[in-house]
Amino acid sequence: MSAIIPETRASRMAHLKQRISNISLNFYGILGYLFLYTPIVIVVIFSFNDSRSTAQWAGFTTHWYVDMITDSQIIISLWNSLFVAIVSTIISTIIGTLAAMGMERYRFRGQLGMDALLYLPVIIPDIAMAIMLLLFFNLSGIGFEVWNVNIFGINLAVPYSVIIGHVAFNIAFVAIVVRARLSQMDRTLEEAAQDLYANTWETFRKVTLPMMMPGILGGALLAFTLSLDDFAITFFTSGAGFNTLPVRVFGMIKKGVTPKINAISTLMLAMSLILISFSLISRKRGGEDQSIEMF
Amino acid sequence: MIDGFAVELRQVVKKFGQVTAVDKVDLQIRDGEFFSMLGPSGCGKTTSLRMIAGFEMPTSGQVFIGGEPQGYLPPYQRPVNTVFQHYALFPHMSVYQNIAFGMEMQKVDKNEIQQRVGETLEMVHLSGMDNRRPKQLSGGQQQRVALARALVNRPKVLLLDEPLGALDLKLRKAMQVELKILQDQVGITFIYVTHDQEEALAMSDRIAVMNQGKVHQLGTPEEIYEAPANRFVADFIGESNFVPGVMQKMGPPAEISVTGTEQPIAVEWLEDGINAGDAVVVSVRPEKIRIHPMGQAPTYPAMCRLSGQVEKVIYLGTDTRYLVRLNEESAVVVRLQNIISGGGHFNEGEKVDIRWDSAHARVFKE
Ligand SMILES: Nc1ncnc2c1ncn2[C@@H]1O[C@H](COP(=O)(O)OP(=O)(O)OP(=O)(O)O)[C@@H](O)[C@H]1O
Ligand SMILES: [Mg+2]
């Protein structure tokens, strides 16, 4: 009997320790979330604050949102943001996917160097990238032409330099995500397709591409988000008079933080949330499918 | 078909950089045959199969399918289909889509596709699983889908690379039987790669035993078991005793003096290239040897007899294994069937005579 008691006591102690550590883990977890989300919650709340002051609550209003959507400058910059994001996402997804396939599928001289070069835009600070691009456009003189588009009656004038700049940094992110996906793909699947009379193109279309799709979508979503989010590169490469939403907000903030900026921030937050839910849903739906689960 | 062979390899060599994976292999695989390539890991089985399928191109030599030289034809232009070791089912397609894939690529009529997929599913006992995803199937079921996906195309030749390798033993045995029955049914030539000799012996019409890129012997299961061509084959297939000795007399009758004994023994079959005075090994299967109490072995002509002492007795249910030590250097394993219950006819430490018919011994280079 006596031999058993210390054991139970020991196991009880272990149990207790486990619980304490669980509780403290939860505590730190909650602290972490508080730290992350308190500022966001404050921004959202104060976007509904019926006062010019951003320090004191003075009742609920949607006034700032009305203000926001009737400000044609903001609307134009929002469309600019979306237009740049969509165009640069499409281009960088195609180029990034091809780059990923090239790097993953072929062995060639200087591959390590190419790898490093591809990852460079991910590692170097935005500001450095922005300055490099600015220098490039200045020296080469290309890119400052403007793409005139009309969306729902709103005229946009988007400099090619901004789109090129966004494509330049997005390619790297797309390539990395797609490549991760490709490296996990079983090559014998492609052999199986070829064995079943699919030629090179059919193999790509029927097997490789569908298998890569989660990676491509993930990469595109990442590119879209980064592009919407970008400030430095747009700011440096756009020249005067062209604003995306973040650049516009930066301009407004110089005159002081107003609840209208809170409203814009809330709008951007909402857009991010929608994008995140998209990616979560697409992952979940893919859950039945081993190919997508690996992503 | 010009020469009547389903597949033929002529002087095929495959090098990967410095490694010679397949070394001047000649094979002629007959129409409708269940042909196995058997050998230890890395001997070049998969590489040979991949060259037939068109996934690898020979460094030199030629592969013929149905008498036609394949040259550098890509896999999708060869009339063969493959069952991959890990099945390689398309995870983003249903069972039906997987099986229909080959026919769709060949632009087979929709109705015919539907009919053939149905028939093939029935053949592999998977009817009603059309809409499942590969991930929703067990290993054995996935195996059947892989088989169906290949067979449905009615290829001239089916290539199988260790198709049962990922299954547990029991399922493996069941699938062996099923595969064999299926092959009889469809009458397609099967080329089957395995490193499991029992599997190869049980299923094949003929077996090519390979090692280090070379074919060491090609024959029926009985031929390669009963009459191994060299020491590697004797060692790799089943169990063999190797008793060292020296070639005394080339004969006939040829004679060998077993190391550590005085009396020479007679042998009938010698590997090519053995000369008098060479060091050799006499190879005898454990079940071909008889044991007698010392001095009681009967003497016939063509009977080889050696004396020794029982060192170890292992009772194995259907039979008993005796390790009989002949001298310092050599011992032989003898296997006796337990026809009469009780097993232990001889005890450890007992002095015994062993004998075998000289027709059952094969002499290989040391
Ligand atoms: N793509 C390749 N590149 C370099 N070497 C290779 C390649 N494929 C095979 N080899 C080498 O060729 C030899 C034969 O390989 P192979 O895969 O044909 O063996 P195997 O008989 O199928 O073996 P296992 O039973 O292990 O599957 C091995 O030494 C292997 O390392
Ligand atoms: Mg292999």
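Just so we're on the same page: letters track the sequence lines, and every chain starts at 1.
Atom CG of D195(A) is separated from atom CZ of R50(B) by 10.5 Å, given to the nearest 0.5 angstrom. The distance from the CD atom of E202(A) to the CZ atom of F101(B) is 7.5 Å, given to the nearest 0.5 Å. Rounding to the nearest 0.5 Å gives a distance of 12.0 Å between CG of L189(A) and NE2 of H86(B). Here Y197(A) contributes atom OH and M103(B) contributes atom CE; the two are 10.5 Å apart, rounded to the nearest 0.5 Å. For the atom pair CD (E191(A)) and OH (Y76(B)), the distance works out to 13.5 Å, reported to the nearest 0.5 Å. Rounded to the nearest 0.5 angstrom, D186(A) CG and Y87(B) OH are separated by 13.0 Å.
Both the backbone and the side chain of R149(B) come within contact range of chain A, with heavy atoms under 4.5 Å apart. Of the two parts of L89(B), only the backbone, made up of N, CA, C and O, holds a non-hydrogen atom closer than 4.5 Å to a non-hydrogen atom of chain A. Heavy atoms closer than 4.5 Å to chain A are found in the side chain of F84(B), but not in its backbone. Of the two parts of T200(A), the backbone and the side chain both hold a non-hydrogen atom closer than 4.5 Å to a non-hydrogen atom of chain B.
The two residues A192(A) and A88(B) make their nearest non-hydrogen contact at CB-O, 3.8 Å. Across every non-hydrogen atom of L196(A) and N153(B), the tightest pair is CD2-ND2, 3.3 Å. Scanning both residues, M105(B) and K206(A), for their nearest heavy atoms gives CE-CE, 3.6 Å.
Within a 6.0 Å sphere centred on OH of Y37(A), other residues, nucleotides and ligands contribute 12 heavy atoms or fewer. Heavy-atom contacts from other residues, nucleotides or ligands closer than 6.0 Å to CD of E122(B) number 12 or fewer. Environment of CE in M114(A): sparse, with no more than 12 heavy atoms of neighbouring residues, nucleotides or ligands closer than 6.0 Å. In this structure, L112(A) places its CG atom where only 12 or fewer heavy-atom neighbours from other residues, nucleotides or ligands lie under 6.0 Å away.
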